[in-house]
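Notes follow the structure.
Here is how names work: the chains are called A, B, and so on, in the same order as the sequence lines, proteins then strands, and each is numbered from 1.
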Amino acid sequence: MNTPSSVTPQEAADEATDAPVQQPLPLAFINGEALIEKPQDLFIPPDALEVILETFEGPLDLLLYLIRKQKFDITTLPVATVTRQYMEYVEVMTALKLELAAEYLLMAAILAEIKSRLLLPKRSADDDEEDDPRAELIRRLKEYELVKQAAEDLDAQPRMERDIFAVQVDTSDQVAPLRIEPDVSLQDIVLAFTSAMKRAEAFEHHVIEREALSTRERMSLILTTLEHAHYTPLESLFTVDEGRSGVVVSFLAILELVKENLICCVQAGPFARIHVKLQSNEED
Amino acid sequence: MKKINFEQLKQLVEATIFVSDGPVSRQRLRETVLAEFKVADKTLSKALNELTLDYRPRGIQLVEVASGYRFQSLDSLSPFLSRLWQESAPRYSRAMLETLALIAYRQPITRGEIEQVRGVAVSSNIIKTLTERDWIKTVGHKEVPGRPALYATTRAFLDYFSLPSLDALPSATDFADVMREGSNPDPSTGSQPSDAATSEQPKSMTVND
Amino acid sequence: MKKINFEQLKQLVEATIFVSDGPVSRQRLRETVLAEFKVADKTLSKALNELTLDYRPRGIQLVEVASGYRFQSLDSLSPFLSRLWQESAPRYSRAMLETLALIAYRQPITRGEIEQVRGVAVSSNIIKTLTERDWIKTVGHKEVPGRPALYATTRAFLDYFSLPSLDALPSATDFADVMREGSNPDPSTGSQPSDAATSEQPKSMTVND
């Protein structure tokens with residue numbers, strides 16, 4: 001992430017500027033207690049102990065804040081300065097008796113490690129650039145900064161309940177839910193019929209023929225026709241355009257209905273018109 | 001009190017009625033969204049009237065009901081909108097199918113006659129469901145004690161199964177033939193014993209939709 | 001299949017979107033209210049487009065979000081409309097928003113991977129709340145020791161934030177670029193901003209459900 005040429009002078013400059021105010025680096029702090037000096041710019045109300053952990057979303061967030069505050073460029077992370085400031089904040093946390101989150105301590109260790117590696121003499125001038133111990137931290141900082149930005153963008157995105165409201169309109173009147181009836185296949189019916197008949201051994205002699213079916217259909221039809229009429233001329237139950245077979249079917253249906261005592265035929269005298277009516281009408 | 005122009009007022013009133021749970025009264029408008037605006041009664045009436053007119057040609061209408069204004073769908077669309085809340089009825093039971101089959105093949109038939117064949121009682125629910133589906137109807141009453149209803153199938157029944165007439169209903173023997181020709185050979189022929197166990201029915205006979 | 005004229009189609013589609021509980025997809029329109037009508041895709045698109053334009057000047061808008069079309073109030077009206085409800089809109093913590101953003105941009109992702117990027121532990125509460133809001137869901141398990149859950153965002157998340165797809169997330173492109181850099185660091189180009197122009201999106205960003 002860094003060019004080696006820029007690293008060394010920058011690093012040198014850091015060390016130089018920091019030199020007068022450089023605190024004795026509290027490596028000792030990680031093991032226990034060390035210096036206590038509050039950073040002047042961070043206001044911490046004495047009764048709000050958790051303010052730091054609430055203000056910062058973690059060590060990366062705190063580091064970013066320190067870098068931004070000093071207007072440093074992440075890509076040329078001035079480890080010495082940032083490490084010193086970071087330690088100061090962490091010190092404040094311990095001073096306020098905060099239970100230090102492990103993540104903050106881990107970051108302190110990482111910073112200390114990077115700093116110590118930078119202080120070691122370089123083996124050669126054109127050392128492998130990937131050897132920059134800061135590279136991984138810089139990558140993480142850049143990545144985190146993006147996540148932070150993304151979270152802010154997401155928060156700014158118009159959202160339901162806050163910026164936009166769902167529209168709800170009622171139907172004009174009670175709309176009854178449409179009931180989807182189950183599918184039935186013809187074969188279901190034939191199978192059902194076959195199995196019902198098979199069980200009813202007593203009915204075995206009733207072989208259902210095509211002819212019988214059309215007769216039975218005609219029986220239903222005639223019953224429907226006669227339902228509300230008191231007397232219907234017999235001939236009106238026959239339609240010429242059905243042809244001979246139609247007349248036969250109707251005739252068989254009428255005979256069957258008479259046999260089953262569902263209708264009755266009335267003839268006033270010999271050769272007079274025959275009238276039919278529902279059997280039930282007589283008793284009404 | 002702030003000012004609001006007429007177009008903004010219309011938008012605000014419109015959106016308020018839309019996002020509210022129930023009807024919105026003028027008073028509620030004034031107490032909530034219009035609280036900080038100076039709006040004359042006449043202006044509010046004009047906005048509501050214009051909104052009502054704006055929606056006249058649309059799929060929803062602005063109407064005034066007892067407790068205020070609300071949007072509702074156009075009356076004439078109700079039959080179509082009911083499809084949004086469609087629910088699937090459970091599959092028909094064997095009892096239901098047998099009852100239907102007996103009515104189809106042996107009509108006109110009484111409930112007692114169906115029970116005689118099936119050997120068990122036919123629940124009223126079955127008759128009710130089949131009647132509601134408009135597949136069976138009462139065509140008369142048998143003149144025996146109790147005058148039981150005579151059931152027959154309807155035109156809608158034939159239409160559903162794409163049958164020109166009841167005559168076209170396959171006979172039990174036709175069906176047996178198809179079964180033999182199909183993927184389910186009669187075990188008695190013994191030609192393909194390995195297939196005998198299959199109980200799958202021939203697809204060609206299915207008449208759905 | 002019945003026919004329906006264009007004006008009726010528009011009214012029916014409009015009313016359907018209005019009376020429905022959530023966003024309505026074209027598919028849902030076809031499966032419900034349009035089931036019995038013959039409507040070309042082009043005609044349906046035209047109806048939806050015209051409706052969108054019809055509502056442009058109004059207090060509510062027709063918008064397309066991830067799971068379909070819905071009407072929603074104009075967001076400029078929210079300061080006034082929010083007066084309709086006693087409680088204010090829920091606020092979300094930075095921790096929750098960062099976690100949600102990471103899941104949105106880098107899905108599928110494990111909790112451990114989120115913690116790695118954020119540098120702090122992710123509380124179970126955050127995952128629980130996001131799951132309960134139906135914004136994230138477990139889409140699988142990573143085949144590493146412990147088989148941690150892989151999280152992804154849902155359609156409900158996109159709907160809530162008024163997004164038609166993940167691509168529409170703000171700064172999605174920048175994110176994808178840096179994430180790629182991160183997984184495959186290239187020190188020679190790493191700090192050059194010109195690199196950010198690449199717009200290729202990682203495949204892992206598609207919503208699958």
Is chain A contacted by the side chain of B:Phe157, its backbone, both, or neither, given a heavy-atom distance below 4.5 Å?
side chain
For the CE atom of A:Met219 and the CD1 atom of A:Ile263, what is their distance to the nearest 0.5 Å?
9.0 Å
Chain A heavy atoms under 4.5 Å from B:Leu97: which part of the residue, side chain, backbone, both or neither?
both
For B:Leu74, is it the side chain, the backbone, both or neither that has a heavy atom under 4.5 Å from a heavy atom of chain A?
backbone
Name the region of A:Glu256, side chain, backbone, both or neither, that has any atom closer than 4.5 Å to a heavy atom of chain B.
neither
A:Tyr89 and A:Tyr65 aromatic ring geometry - parallel, tilted or perpendicular at 30°/60° bounds:
perpendicular
Nearest 0.5 Å, what's the CG-CG distance between B:Asp167 and B:Leu158?
10.5 Å
Chain A shares the most heavy-atom pairs under 4.5 Å, among B:Gly119, B:Pro90, B:Pro79, with B:Pro90
What distance separates B:Ile109 CD1 from B:Gln116 CD, expressed to the nearest 0.5 Å?
9.0 Å
Chain A contacts, top residue of B:Ser165, B:Ala104, B:Ala152 (heavy-atom pairs, under 4.5 Å):
B:Ser165
Would you mind checking which part of B:Leu150 comes under 4.5 Å of any heavy atom in chain A, side chain (CB onward), backbone (N, CA, C, O), both or neither?
side chain
Step-by-step side chain to side chain contact (heavy atoms under 4.5 Å, CB included) determination, B:Thr129 to B:Tyr92
CA-CA 10 Å; B:Thr129 305; B:Tyr92 288 153; 4.1 Å; yes
Sorted by chain and number, sequence neighbours left out, side-chain contact (heavy atoms from CB on, under 4.5 Å) with B:Gln86 holds for A:Leu178, A:Ile180, B:Arg83, C:Thr32
